Every structure is written in C-alpha cells, then in structure tokens.
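Comments concern the structure below.
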Amino acid sequence: MAFHQVRFPLDIALGAQGGPVRATDVTTLASGREERNSRWAHARRRYNAGYGIKSRADMLAVLAFFEERRGRFHSFLWRDGIDFSSSENGGTPTATDQEIGTRDGETTAFQLVKRYGANFDPYLRPITKPVAGSVAVAVDAVPVGPGAFSVDLLTGVVTLDFAPGPGAVVTAGFEFDVPVRFDTDRLDVEMSGFDAAMAPSIPLIEVIGE
C-alpha cells in the first residue's frame, strides 16, 4: 500500500456527503447514570462520494480513480467542501489563524493544527496534508517571509530557518486536504440515462498516520 499525493476529482467531492465520526463507549449503570469513554483521541472522517456524481463523465472519472487506487489499497487526498481552511469561518487563511506553538528559543519545527471549540474542552486537530503554497506563518503576529520557512506536505510540519525567542507565539494559516481511502473494493454503477450515471454509495474513510 502507498499514499498517493493526488486529490479525488474536486467537482465530484464538492457534491459529496460526510463529516467527522467519533467512537464513544456508553455504559448505563444500575442507578441509571451513565459512564462514557472516548476511545479515539482524534475524530475519523467518513464521506460518501456517490452524491457528487451527476453525469457519465463523472462516473468514468471516478472509475479510473478507483482502479488506479486498487480499491481500498492506496490512500489519497480528499477536499472536504466545508472544512478545508484554518480560518474559523472557512474564509481565506491568514498567518494568525491558528497557534501552532509557544516555544523555548531553540525549537524550529512546529506541527500544523486546527483548533475547534473555545473554553470548555477545545479539540486540537493535527493537520498533516496542507495544500502546497497555502501556508502562511507569523511569529508574535509578524509575518514570516516565504523564504524563511519550509513545509512538509506529507506531515504538516513547518520548519523555520530560525528559532523564535523564548515565549514567542508561532501562528499559521493554511488550506488542507484529508488523507482518505476507499472503504470498499466494489464499485456499483448504474446508468440512469443517456448521459447520466449513478453510484448509490462510494464510501471513503480518513486514514490516520498517512
């Protein structure tokens, strides 16, 4: 298996359905009270690309993509039509969108993250697949020139050419994709008209660590 740094056809992805899934064990005690345990540190996103297919051309594009990925075997990039920007409102990213570190004067490498929530129990999601050319960085709200840092597009780690001073706040803005794979080895296709096709279900699932 391998990770293919290629994005699922964007026009089809934007018509898909899906979002984050979590795994929570809920036990009801004899008293009626509940005990809950979250089994995953991070949500795992699921999508159904079948909703985005509108034509025979769409279906042929997905068929070719599916075959090249060998079904569930290889993973690839997916654009979430709702959640693809570091901006809280989903707008254009800015260098101060997300805090990615407050450091000690020696550290130069920082993992991109996106924060969800506010005061109760905010969730920090590691971002491992930033979009090339979309990452902007600032130190204490002062933008860092593009020649003064590098970005690993396979891990989401930003490396500065210098170590920010002790207590300096490093922030970043970016667009990102989700690493996914097909969650089926079978592609059911239905020709619904002369130039129309349907695929009732094309499930995709986020892969962790790729």
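FYI, side chains are in, hydrogens and waters are out, and symmetry mates aren't considered; it's all heavy atoms of this structure. Keep in mind that this is a model prediction, so the values were computed, not measured.
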D185 side chain to R72 main-chain N or O, any donor-acceptor pair under 3.5 Å? yes
Joint cluster assignment, F8 & M59, ILVMFWY side-chain distance < 4.5 Å: yes
Does any part of the side chain of R46, heavy atoms only, come nearer than 4.5 Å to the side chain of P203, both counted from C-beta? no
Any donor and acceptor pair, going by atom type alone, linking the side chain of S86 with main-chain N or O of F174 inside 3.5 Å? yes
Donor-acceptor contacts under 3.5 Å from residues 11-33 side chains, at least two apart:
| unit_1 | atom_1 | unit_2 | atom_2 | d |
| --- | --- | --- | --- | --- |
| D25 | OD1 | R39 | NE | 3.0 |
| D25 | OD2 | R39 | NE | 3.2 |
| S31 | OG | R33 | N | 3.4 |

Minimum heavy-atom distance between V158 and F149, given as atom pair plus value: CG1-CD1, 4.1 Å
For V113 and I127, what are the C-alpha separation, side-chain angles and deciding distance, and is it a side chain to side chain contact (heavy atoms under 4.5 Å, CB included)? CA-CA 5 Å; V113 296; I127 301 299; 5.6 Å; no
Check step by step if salt bridge (charged side-chain N to carboxylate O under 4.0 Å, His left out) holds for D58 and R56. CA-CA 5 Å; D58 288 346; R56 183 173 182 271; over 6 Å; no
Quick check on the hydrophobic clustering: are Y51 and V62 connected, directly or via other members, by side-chain heavy-atom contacts under 4.5 Å? no
When rounded to the nearest 0.5 Å, the distance separating OG of S134 from CG of L153 is 8.5 Å
Measure from the side-chain N and O atoms of D183 to the backbone N and O of I205, and report whether any donor-acceptor pair falls under 3.5 Å. no
Short question: side chain of T128, backbone of G156 - any donor-acceptor pair under 3.5 Å? no
Find out whether L160 and V137 are in side-chain contact, i.e. whether some heavy atom of one side chain is under 4.5 Å from a heavy atom of the other. yes
Test your reading of the model: is there a side-chain donor-acceptor pair from D83 to the backbone of D80, 3.5 Å cut-off? no
A43 to I208 - nearest heavy-atom pair and separation: O-CD1, 4.5 Å
In short, G50 meets I202 closest at the heavy-atom pair N-CB, 3.8 Å
Do you know the tightest heavy-atom contact between D161 and G147? OD2-O, 3.0 Å
Check K129 with D177, please: is the shortest side-chain N to carboxylate O separation under 4.0 Å? no
Hydrogens and angles aside, do H4 and R69 bring a side-chain donor and acceptor to less than 3.5 Å of each other? yes
Could you report the tightest heavy-atom contact between T107 and P164, atom names first, then the distance? O-CD, 3.4 Å
For F66 and F182, take the angle between the two ring planes, folded into 0 to 90°, and tell me which bin it lands in: parallel under 30, tilted 30 to 60, perpendicular over 60. perpendicular
Verdict with reasoning, Q5 to L77, per side chain to side chain contact (heavy atoms under 4.5 Å, CB included): CA-CA 6 Å; Q5 197 167 5; L77 294 172; 4.0 Å; yes
Is the ring pair F76/F65 parallel, tilted or perpendicular, if the boundaries are 30 and 60 degrees? perpendicular
So with a 6.0 Å cut-off around CG of N119, is the heavy-atom count from everything else above 12? no
CD (E99) with more than 12 external heavy atoms under 6.0 Å: yes
Rounding to 0.5 Å, atoms CZ (R125) and OH (Y116) come to a distance of 4.0 Å
Could you tell me whether the side chain of P93 reaches within less than 4.5 Å of the side chain of S85, counting heavy atoms only? yes
Taking all atoms of both residues into account, what is the closest heavy-atom pair of A138 and T96, and its distance? CB-CG2, 4.4 Å
Taking T171 for the side chain and A95 for the main chain, is one N or O donor matched with an acceptor at less than 3.5 Å? yes
Mark yes or no for whether R115, through its side chain, and A118, through its backbone, hold a donor-acceptor pair below 3.5 Å. yes
Check the hydrophobic clustering (I, L, V, M, F, W, Y; side-chain heavy atoms under 4.5 Å; chains of links allowed) and say if F162 and V170 are grouped together. yes
Apply side chain to side chain contact (heavy atoms under 4.5 Å, CB included) to M1 and E210, showing your working. CA-CA 11 Å; M1 66 179 186; E210 292 189 24; 4.2 Å; yes
Look only at the side chain of Q111 and the backbone of T155, and say whether a donor-acceptor pair between them is shorter than 3.5 Å. yes
Would you find more than 12 non-hydrogen atoms of other residues, nucleotides or ligands less than 6.0 Å from E34 atom CD? yes
Given 3.5 Å as the limit, does a donor-acceptor pair link the side chain of H74 with the main chain of F3, or not? no
Using the rule given for side chain to side chain contact (heavy atoms under 4.5 Å, CB included), can you reason through V131 versus R7, listing the C-alpha separation, both sets of side-chain angles and the distance that settles it, and then say yes or no? CA-CA 10 Å; V131 175; R7 185 187 286 164; 3.8 Å; yes
Just by distance, do the side chain of T184 and the backbone of R186 share a donor-acceptor pair under 3.5 Å? yes
Find out if a path of hydrophobic residues (ILVMFWY) with successive side-chain heavy-atom gaps under 4.5 Å connects V207 to F176. no
Look at the side-chain heavy atoms of Ile, Leu, Val, Met, Phe, Trp and Tyr, link any pair under 4.5 Å apart, and say whether L154 and W78 land in one connected group. no
